[in-house]
There are 4 protein chains.
Amino acid sequence: MPDTRSQPRRPRSGSRRDEAARLAVLHAADDLLDERGFGALTVEAIARRAGVAKQTIYRWWPSKVEILLDTLIADSEKSLPVPAERPTAETVRDYLRGYARFLADDPAGKVLLALFAEAQHHPATAERFHERYLGPRREQERAMLAHVIDAGAVAPSLDADAALDALLGPILYRALTGTNTPDDTVDTLFETLLRPRTT
Amino acid sequence: MPDTRSQPRRPRSGSRRDEAARLAVLHAADDLLDERGFGALTVEAIARRAGVAKQTIYRWWPSKVEILLDTLIADSEKSLPVPAERPTAETVRDYLRGYARFLADDPAGKVLLALFAEAQHHPATAERFHERYLGPRREQERAMLAHVIDAGAVAPSLDADAALDALLGPILYRALTGTNTPDDTVDTLFETLLRPRTT
Amino acid sequence: MPDTRSQPRRPRSGSRRDEAARLAVLHAADDLLDERGFGALTVEAIARRAGVAKQTIYRWWPSKVEILLDTLIADSEKSLPVPAERPTAETVRDYLRGYARFLADDPAGKVLLALFAEAQHHPATAERFHERYLGPRREQERAMLAHVIDAGAVAPSLDADAALDALLGPILYRALTGTNTPDDTVDTLFETLLRPRTT
Amino acid sequence: MPDTRSQPRRPRSGSRRDEAARLAVLHAADDLLDERGFGALTVEAIARRAGVAKQTIYRWWPSKVEILLDTLIADSEKSLPVPAERPTAETVRDYLRGYARFLADDPAGKVLLALFAEAQHHPATAERFHERYLGPRREQERAMLAHVIDAGAVAPSLDADAALDALLGPILYRALTGTNTPDDTVDTLFETLLRPRTT
DNA sequence: GCGTAAGCGAGACGGTACGTCTGGTCTTCCT
DNA sequence: AGGAAGACCAGACGTACCGTCTCGCTTACGC
C-alpha cells in the first residue's frame with residue numbers, strides 16, 4: 001500500500017483536480033463582480049486574477065455562469081438558508097427580512113442579481129439557473145410555507161407559488177431598481193399577504 | 001392675410017435626419033431582440049438588418065441601450081399607457097392586468113426585461129433606464145394611485161412606492177422567471193394589497 | 001455712417017465657379033501634403049482646411065490626384081520650365097541641376113514624388129499622370145535635347161528617351177531614397193552621358 | 001564561484017508560432033498585390049485570403065509594410081542575389097540586366113515598386129524600407145563594385161554610391177513609368193558609366 | 001426685374017477598412 | 001494527467017474617410 005498520508009501539501013501537481021485552482025477561480029469571479037461589475041467579468045479576467053490558465057476554467061466549467069452558480073449556491077446556503085426545521089410564522093418573516101438584506105448588502109446578493117440578469121439574455125443560462133438554484137430553492141420555500149400553513153400559522157389567499165412570488169417579487173424588484181426594502185416594509189408585505197394568526 | 005403663426009420654422013440648413021433610417025434601426029433592434037435574443041443584438045447586426053451604416057447608428061444613439069429605450073418608450077406609451085384621466089379602482093386593476101400581458105405577450109415586453117437585465121450589468125444603463133423610463137413612469141403611476149386613494153376607492157397599507165412595488169414586483173418577478181401571471185392572480189394581488197371598497 | 005468695414009469677404013457664391021474656393025482647395029492640398037504628409041491628404045481634410053464643402057471638391061475634381069496635378073503643373077511651369085528657346089549644352093545642364101533642386105527643396109517637388117508614388121498604386125492615376133504631366137513634359141525635354149544634338153553641342157550614346165531617363169532617373173532615384181544630388185554629381189552625369197563638345 | 005549568469009533556460013512554455021499561418025499570410029499578400037493591386041492590399045483582405053484571423057497578422061507584423069518587406073527580402077535573395085564571389089565586369093552587367101528583368105517581370109518586382117511608393121507616403125515606411133532592404137542591399141552592391149574596381153575591371157567617374165544610383169536609377173525610373181529597359185540599353189548604361197576595360 | 005439655374009457650406013447617408021478586444025478552442029511544455 | 005502559457009480563428013467594437021445625396025442659401029444670367 002503506497003503513501004496514504006493524504007497531505008494538503010503540494011497544491012500544484014498531480015493528475016487530480018487542483019482544489020486551490022478551483023477556489024482561486026471562484027474567489028476571483030466573486031471579487032471581480034463585486035469590485036468591477038459584471039462587465040469586467042470575462043473568463044480572461046477571471047483567469048488573470050486567479051493566476052490560472054483559461055483552459056483550466058474551460059476544462060471544469062462550461063461557462064462563466066456555472067462559476068457564478070457555484071459561488072451563489074455555496075454562499076446562499078451559508079448566508080441565507082431556507083428554514084427547514086419546524087418553521088413558524090416568525091421564521092418565515094425573518095427569512096424574508098434576510099432575503100432583503102442578502103440582496104442589499106451581501107456580495108453574493110450581487111451574484112444573484114447578475115444571474116437574474118444573465119438569464120434574461122441567454123435561455124441556456126435561464127435553464128441552468130432554474131435547475132441549479134431557483135428550482136431547488138423554491139422547493140424548500142414551498143416546504144417551509146406548507147409547514148406553517150399546515151400548522152395554521154398563516155393563511156395566504158394565493159397558492160404557494162404565487163404567494164412566494166408575491167413576497168419575494170417586490171423585494172427583488174426593489175433590489176433590481178437599486179432600492180433597499182426595510183424590515184417594516186417586509187413585515188407589512190408579510191402580514192398583508194400571509195395573514196398570520198400570531199406574530 | 002397669410003398664415004402669421006410664426007412657428008418654430010428653423011430651416012436648419014443642411015441635411016436633415018433621415019426618418020426612414022431612424023425607424024429602420026428601431027425596428028431592426030426590436031426584431032433582433034425578439035427573434036435571436038439579446039446576445040445577437042450587436043450594433044453591427046442592427047446596422048446589417050436595418051440596411052443602415054454603423055456610423056448612422058453611432059451618430060444618433062450613444063449606445064444600443066438608448067435604441068432599446070427609444071423603442072420601449074414608444075411601444076409602452078402605445079400598448080400600456082398609465083391611466084391618467086379619472087382613474088378608478090377598476091382602471092388600476094386593468095392596468096396591472098395589462099402590465100402582466102405586456103411582459104408576457106408583447107415583443108416590447110422583452111425589451112423591458114432586457115433593459116432590467118442590462119441595468120444590473122452596467123450602472124450607466126441603470127441610470128438612463130431610470131431617467132428615461134422607470135422614473136417618469138413611476139411618476140404617472142404614483143399620480144394614478146394617489147387619485148384613486150383620494151377618491152376613497154382603495155386603501156393600501158403601504159405607502160405609494162412600496163404599494164406599487166408590491167403590485168408590479170411579483171408580476172415582473174414571474175416574467176423574469178418565465179412564468180405568466182394570469183388575471184385572477186393579478187386580481188387577488190390587487191385586492192389583497194389595495195383593499196378596494198368596490199370593484 | 002454705417003458699417004464700412006469692407007471685410008475681405010468671400011462673395012459667397014453665385015452661379016459661376018468660385019475662384020476663391022478653387023485656390024483654397026489647391027493651397028490646402030499643397031499645405032497638407034507639405035505639413036502632414038500624404039497620409040493626411042484626404043478629401044475630408046482638404047475640405048476642412050480649405051473651408052469648403054466636400055461636394056465643391058467632387059464637383060470640380062474627379063479625384064484628389066487631379067488636385068495634385070493642378071498644383072504640380074502650375075508650380076513646375078513656374079519653378080522648373082523646360083528650356084525651349086535656343087537651348088545650349090549649358091542650358092540643359094542647368095535644367096538638370098534645377099530638377100535636382102526642385103525635388104529636394106521645393107514643396108512642389110514633394111507633390112511630384114507623391115504622384116510617382118500614387119501612380120504605382122493606382123493604374124488610373126498612372127494614366128492621368130502620364131497624360132497631364134510626364135507626357136507633355138517629356139515632349140518638351142525631347143525637343144530641348146534634339147535641339148542641342150542638332151546643334152552638335154552634345155552627342156549621347158543613347159536614344160533621346162533613354163538618355164533622358166538616364167539623366168533624370170538617378171536624380172529621381174536619389175530623391176525617392178531621401179538623398180540630394182549635388183551640382184557636381186549632376187554635372188558628371190551630364191558629361192558622361194551627353195559627351196558635350198563644350199561646356 | 002558558481003555560474004550565476006542567468007541560464008539560457010528559456011522555459012518558453014506555451015504554443016509556438018504557426019508556420020503555416022505565416023506562409024499563408026506572405027503568399028496572400030503577394031498574390032493580392034499581383035492580382036488586384038496595392039489598393040486591394042488591405043489587412044482585412046489578406047486575412048480573408050489567407051484564411052487567418054486579423055489578430056494573427058497584427059500579432060506578428062506591425063504593419064502590412066513589414067509583410068511586404070518579408071516577401072521582398074525572401075524573393076529578391078532568391079531571384080536577384082547580389083553577386084558576391086569574385087564578381088567581374090560581366091557579373092555586374094548581368095546583375096543590372098537581372099535588376100531590369102526583376103522589376104519588369106517578377107511579381108516580387110511589383111512589391112519593390114510598391115514599397116518605393118509607400119515610402120514616399122509614410123516616413124516610417126521609408127525608414128524600415130531602408131533599414132531592412134535598401135541599406136543592406138546597397139552594402140552588398142558597394143562591395144561588389146569595390147571588388148571589380150580593385151581588380152581594375154571598371155573605372156567609374158563617380159563615387160560608388162553615385163555610380164550605383166546612376167546605374168539603377170534609370171532602370172527604376174523606367175519601371176516606375178511603366179517602361180521596360182532592354183538588355184542593350186542596360187549595356188550602354190553600364191559601358192558609359194563604368195568604362196569597363198574588358199567585357 | 002424676376003424666375004431659374006448653378007454654385008456654395010453643411011452634413012447625413014451606405015459603405016469599407018482600420019486596429020483593438022474578448023470568446024472559446026487547441027497545442028505545447030512543465031511538473 | 002493537470003495546469004500555465006499563449007497562439008489560433010472568429011467577429012464585434014467604435015472611428016475615419018470614401019463618394020453620393022439632399023438641404024436651404026446666394027448670386028448671376030436671360031427672358
Side-chain angles (χ1 to χ4, degrees), chain A residues 10-18 20-21 24 42-45 47-48 50-60 62-64, chain B residues 10-18 20-22 24 39-48 50-60 62-64, chain C residues 10-18 20-22 40-48 50-60 62-64, chain D residues 10-18 20-22 39-48 50-60 62-64:
Chain A
R10 277 283 73 176
R12 255 281 316 267
S13 77
S15 59
R16 298 274 295 285
R17 179 168 188 180
D18 183 340
T42 67
V43 172
E44 212 115 37
R48 207 149 44 220
V52 138
K54 277 201 301 178
Q55 186 54 37
T56 300
I57 295 180
Y58 283 112
R59 179 150 39 226
W60 298 108
S63 76
K64 69 187 176 196
Chain B
R10 271 286 67 186
R12 178 71 181 83
S13 131
S15 296
R16 232 69 117 271
R17 180 169 188 177
D18 182 341
R22 194 187 127 256
L41 196 72
T42 65
V43 173
E44 208 113 32
I46 296 172
R48 210 148 42 218
V52 139
K54 277 202 296 178
Q55 187 54 43
T56 297
I57 296 180
Y58 285 111
R59 178 150 44 226
W60 297 110
S63 76
K64 68 189 175 196
Chain C
R10 184 133 90 214
R12 186 68 174 85
S13 90
S15 62
R16 299 296 265 265
R17 179 166 190 180
D18 183 343
R22 193 188 129 257
L41 195 73
T42 66
V43 172
E44 209 112 33
I46 296 171
R48 211 149 41 219
V52 138
K54 278 202 298 178
Q55 186 54 39
T56 299
I57 295 180
Y58 285 111
R59 181 155 34 232
W60 298 110
S63 76
K64 70 186 175 196
Chain D
R10 276 284 67 181
R12 187 69 182 89
S13 69
S15 304
R16 234 58 131 263
R17 179 169 189 177
D18 183 342
R22 194 188 129 256
L41 195 72
T42 66
V43 172
E44 208 111 33
I46 296 172
R48 210 149 43 219
V52 139
K54 276 201 298 176
Q55 185 54 43
T56 298
I57 296 180
Y58 284 111
R59 179 153 38 232
W60 298 109
S63 76
K64 69 188 174 196

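Every chain is numbered from 1 and lettered A, B, ... according to where its sequence line falls, protein lines coming before strand lines.
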Asker: If I take atom NZ from residue C:Lys54 and atom OG1 from residue C:Thr56, how far apart are they, to the nearest 0.5 angstrom?
Answerer: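 Going from NZ on C:Lys54 over to OG1 on C:Thr56, the span is 11.5 Å.
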
Asker: In terms of the nearest nucleotide of DNA chain F, which residue is placed more toward the 5' end: D:Val52 or B:Leu41?
Answerer: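 In this pair, the answer is D:Val52.
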
Asker: In whole angstrom, give the distance that lies between atom CD1 of D:Ile46 and atom P of E:dG19.
Answerer: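 About 11 Å, once rounded to whole Å.
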
Asker: Where the side chain of B:Glu44 is defined as all heavy atoms beyond and including C-beta, which of E:dA10, F:dA12, F:dT20 is the nearest nucleotide?
Answerer: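 Nearest to the side-chain atoms of B:Glu44, counting from C-beta on, is F:dA12.
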
Asker: What is the distance from atom CZ of D:Arg48 to atom OG1 of D:Thr42, rounded to the nearest 0.5 Å?
Answerer: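 Spacing of CZ (D:Arg48) from OG1 (D:Thr42) equals 6.0 Å.
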
Asker: Taking 4.0 Å as the cut-off, does a side-chain nitrogen or oxygen of B:Thr42 come that near to OP1 or OP2 on F:dG11?
Answerer: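 The answer is no; no side-chain N or O of B:Thr42 sits under 4.0 Å from OP1 or OP2.
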
Asker: Which heavy-atom pair separates D:Ala40 from D:Ala45 by the least distance, and what is that distance?
Answerer: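 So the minimum-distance heavy-atom pair works out to O-CB, 3.6 Å.
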
Asker: Atom CZ of B:Arg22 to atom C1' of E:dA12: distance rounded to whole Å?
Answerer: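 Those two atoms, CZ and C1', are 15 Å apart.
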
Asker: Verify the contact: side-chain N or O of B:Trp60 to OP1 or OP2 of E:dA12, cut-off strictly under 4.0 Å; return yes or no.
Answerer: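 Result: no.
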
Asker: Assuming nearest nucleotide by heavy-atom distance, tell me which of A:Lys54 and C:Lys64 is located more 5' along DNA chain F.
Answerer: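 Its nearest nucleotide lies further toward 5', so the answer is A:Lys54.
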
Asker: Just the rounded figure in Å: distance from P of E:dT16 to CZ of B:Arg48.
Answerer: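 My rounded result for the distance is 12 Å.
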
Asker: Check the phosphate of E:dC8 against C:Arg59, side-chain N and O only, distance under 4.0 Å to OP1 or OP2. Yes or no?
Answerer: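 Answer yes for this pair, as a side-chain N or O of C:Arg59 is under 4.0 Å from OP1 or OP2.
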
Asker: To check you understand the geometry: which heavy-atom pair defines the closest contact between B:Ala24 and B:Ala50, and what is its length?
Answerer: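 That would be O-CB, 3.5 Å.
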
Asker: Name the residue closer to the 5' end of DNA chain E, choosing between D:Ala45 and B:Gly51 according to the nucleotide with the nearest heavy atom.
Answerer: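 Final value for this comparison: B:Gly51.
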
Asker: On the nucleotide E:dG7, are OP1 or OP2 found under 4.0 Å from the side-chain N or O atoms that C:Thr56 carries?
Answerer: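 No, outside the criterion.
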
Asker: Quick check for you: to the nearest 0.5 Å, what is the distance between A:Glu44 atom CD and A:Ile57 atom CD1?
Answerer: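 These two atoms lie 9.5 Å from each other.
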
Asker: At under 4.0 Å, does any side-chain N or O of B:Arg16 touch on OP1 or OP2 of F:dG24?
Answerer: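 True: B:Arg16 side-chain N/O within range (under 4.0 Å) of F:dG24 OP1/OP2.
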
Asker: Of all the choices, F:dG3, E:dG15, F:dA4, which nucleotide is nearest to the side chain of B:Gln55 once you look at every atom?
Answerer: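 The answer is E:dG15, which lies nearest to the side chain.
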
Asker: For the backbone of C:Leu41 and the side chain of C:Lys64, can you confirm whether one donor and one acceptor N or O come within less than 3.5 Å of each other?
Answerer: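 Present.
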
Asker: Would you kindly give the CG-to-P distance between C:Asp18 and E:dG9, to the nearest whole Å?
Answerer: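 Value for this atom pair: 7 Å.
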
Asker: Is the NZ or CZ atom of B:Arg17 both under 6.0 Å from the centre of the six-membered ring of B:Trp60 and within 45° of that ring's axis?
Answerer: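 Output yes; distance and angle both within limits.
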
Asker: How far apart are the closest heavy atoms of D:Ala53 and D:Ala47, and which atoms are they?
Answerer: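 Scanning both residues completely, I find the closest heavy atoms to be C-CB, 4.4 Å.
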
Asker: Measure the distance from OH on B:Tyr58 to C1' on F:dC17 and round it to the nearest whole Å.
Answerer: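 Rounded to whole Å, this separation is 17 Å.
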
Asker: For the helix from E:dG1-F:dC31 to E:dT31-F:dA1, measure the angle between the helix axis at one end and the axis at the other, each built from five pairs, rounding to 10°.
Answerer: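 Angle reported: 10°, given to the nearest ten degrees.
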
Asker: Of the candidate nucleotides F:dC17, E:dC18, F:dC8, which contains the atom at the shortest distance from the side chain of D:Ala21?
Answerer: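 Of the candidates, F:dC8 comes closest.
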
Asker: Specify the separation, in whole Å, of atom CD1 of D:Ile57 and atom P of F:dA10.
Answerer: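 In whole Å, F:dA10 P lies 12 Å from D:Ile57 CD1.
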
Asker: By nearest heavy atom, map D:Val43 and A:Ser63 onto DNA chain E; which one lands nearer the 5' end?
Answerer: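 The answer here is D:Val43.
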
